[in-house]
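Values in this document were obtained by computation on a predicted structure and should not be read as measured data.
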Amino acid sequence: MQYHIEVICRDRDEANLRTLLLETVARGPLILRRVRRKEVANSDNVLLEFTFISEGRHHEAIEQIARRLGGTPGVTSVTWEAAEERTDY
């Protein structure tokens, strides 16, 4: 299973958010596969895109991560989605 989380946060809060994410993922069934960062035009915000993989479905774990990130100062938006993992190369 593959999961995606998108977070919009203030640029200055990005490092704290990444640390929190890594601490949270280290205790669960999800493996962080990719991180992307994009600047949000005309603001001091950034969009962080996280991709996770897991064996089986772990919606509760991804929801817990999204809730935890959403409660972080400087975060204005958190969304997540689940998708079947693609295996085409």
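- Residue pairs meeting the salt bridge (charged side-chain N to carboxylate O under 4.0 Å, His left out) criterion with at least one partner in residues 53-64, sequence neighbours excluded, are Glu63-Arg67.
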Which side-chain N or O atoms in residues 17-24 pair as donor and acceptor under 3.5 Å with protein atoms at least two apart or in another chain?
residue	atom	partner	partner atom	Å
Arg18	NE	Glu14	OE2	2.9
Arg18	NH2	Glu14	OE2	2.9
Thr19	OG1	Ala15	O	3.0
Thr24	OG1	Leu20	O	2.8
Thr24	OG1	Arg68	NH1	2.7

Show which side-chain atoms of residues 3-10 pair as donor or acceptor with protein atoms under 3.5 Å away, not counting sequence neighbours.
residue	atom	partner	partner atom	Å
Tyr3	OH	His58	N	2.6
Tyr3	OH	His59	N	3.3
Tyr3	OH	His59	ND1	2.9
His4	ND1	Thr51	OG1	3.3
His4	NE2	Gln2	NE2	3.4
Arg10	NE	Asp13	OD2	2.6
Arg10	NH2	Asp13	OD2	2.8

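- Under the 4.5 Å side-chain heavy-atom criterion for grouping Ile, Leu, Val, Met, Phe, Trp and Tyr, Phe50 is not connected to Val40 through any hydrophobic cluster.
- Scanning both residues, Ser54 and Pro29, for their nearest heavy atoms gives CB-O, 3.8 Å.
- Residue Glu39 holds its CD atom at 11.0 Å from CG of Leu47, rounded to the nearest 0.5 Å.
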